[in-house]
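Taking it in order: structure first as structure tokens, then the write-up.
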Amino acid sequence: RKEFVDLYVNYVLNESIRKPFEDFMQGFLRGCPARKWKMFLPVELQIVLQGHAKFDWHLLEKNVTYIQYTKLDRTIRNFWTVFHKLPEEKKKMFLAFVSGSDQIPGYGLEYFTFSIADPQVQNPDEFYPFANTCRHILFLPR
């Protein structure tokens, strides 16, 4: 029985996926040569590929730059008050709205910056917030 179980487990976890995995590995290595990835530990490689899993949202607030706003403007204070009350999933959705990804890049949140800008529109009540994901700018009407 033990031999049967060992052979079955080997088949399911190794032999049955060998060909698809080899095809995947060949394609992956074509775009990402293995010698470049060997310098990373598995945990580091996971961070490079997936980004950080833990978020310090107060650090994100600290790294924001303001365009036509100051940190003490009522709109900005209200924004951060509401933001910090959001559940984790909604905060990640906001991050995706501003940057195009709900993950923090591998270099870490302490180096991730974005800007909040006043779009300076005639009637701010008629405009929704919008973002420039390439430059990480949130345009927040007053």
Can a donor-acceptor pair be found, under 3.5 Å and without considering hydrogens, that links the side chain of Ser99 to the backbone of Ser101?
yes

State, to 0.1 Å, how close Ala117 and Pro119 come at their nearest heavy-atom pair, and which atoms those are.
O-CD, 3.4 Å

Just by distance, do the side chain of Asn78 and the backbone of Thr75 share a donor-acceptor pair under 3.5 Å?
no

Supply the atom-to-atom distance Asp118 CG to Ile76 CD1, rounded to the nearest 0.5 angstrom.
8.5 Å

Once you round to the nearest 0.5 Å, how far does CZ of Arg18 lie from CE of Met25?
12.0 Å

To the nearest 0.5 Å, how far apart are CZ in Arg1 and CG in Asp6?
13.5 Å

Please lay out, stage by stage, how Asn10 and Glu15 fare under the test side-chain contact (heavy atoms from CB on, under 4.5 Å).
CA-CA 7 Å; Asn10 183 51; Glu15 298 303 321; 4.0 Å; yes

Who are the ring pair (Phe, Tyr, Trp, His ring centres under 6.0 Å) partners of Phe24, not counting sequence neighbours?
Phe28

For Tyr69, enumerate each residue passing the ring pair (Phe, Tyr, Trp, His ring centres under 6.0 Å) test, keeping only those at least two apart in sequence or located in another chain.
none

Test side-chain contact (heavy atoms from CB on, under 4.5 Å) on Phe83 and Leu60; report intermediate values, then the result.
CA-CA 11 Å; Phe83 178 83; Leu60 181 70; 4.3 Å; yes

Could you list the residues that satisfy salt bridge (charged side-chain N to carboxylate O under 4.0 Å, His left out) with Lys19, not counting sequence neighbours?
Asp23

Hydrophobic cluster membership, with links at side-chain heavy-atom distances under 4.5 Å among I/L/V/M/F/W/Y: are Val9 and Leu7 in one?
no

Under-4.0 Å salt bridge between Lys92 and Glu89:
no

Does the side chain of Tyr66 come within less than 4.5 Å of Asp73's, by heavy atoms?
no

Can you list the residues that meet the salt bridge (charged side-chain N to carboxylate O under 4.0 Å, His left out) rule with Glu3, with sequence neighbours excluded?
none

Side-chain heavy-atom pair Leu138, Phe94 within 4.5 angstrom cut-off:
yes

For residues Tyr8 and Leu13: do they belong to one hydrophobic cluster (side chain heavy atoms under 4.5 Å, members Ile, Leu, Val, Met, Phe, Trp, Tyr)?
yes

Minimal non-hydrogen separation, Lys71 against Arg77, with atom names
O-CG, 3.9 Å

hydrophobic_cluster_shared for Phe114 and Leu95, side chain cutoff 4.5 Å:
yes

Members besides Ile17 in its Ile/Leu/Val/Met/Phe/Trp/Tyr cluster (side-chain heavy atoms under 4.5 Å):
none

From CZ (Arg135) to OG1 (Thr113), nearest 0.5 Å
13.0 Å

Does Phe97, at its CZ atom, have more than 12 non-hydrogen atoms belonging to other residues, nucleotides or ligands within less than 6.0 Å?
yes

Do Val64 and Phe139 land in one hydrophobic cluster if side-chain heavy atoms of ILVMFWY residues count as linked below 4.5 Å?
no

Distance from Leu140 atom CG to Ile67 atom CD1, nearest 0.5 Å?
12.0 Å

Rounded to the nearest 0.5 Å, how far apart are CZ of Phe79 and NE2 of His84?
8.5 Å

Exercise answer: donor-acceptor pairs, residues 123-131 side-chain atoms, under 3.5 Å, sequence neighbours excluded:
{"unit_1": "Asn123", "atom_1": "OD1", "unit_2": "Asp125", "atom_2": "N", "d": "3.4"}
{"unit_1": "Asn123", "atom_1": "ND2", "unit_2": "Glu126", "atom_2": "OE2", "d": "3.0"}

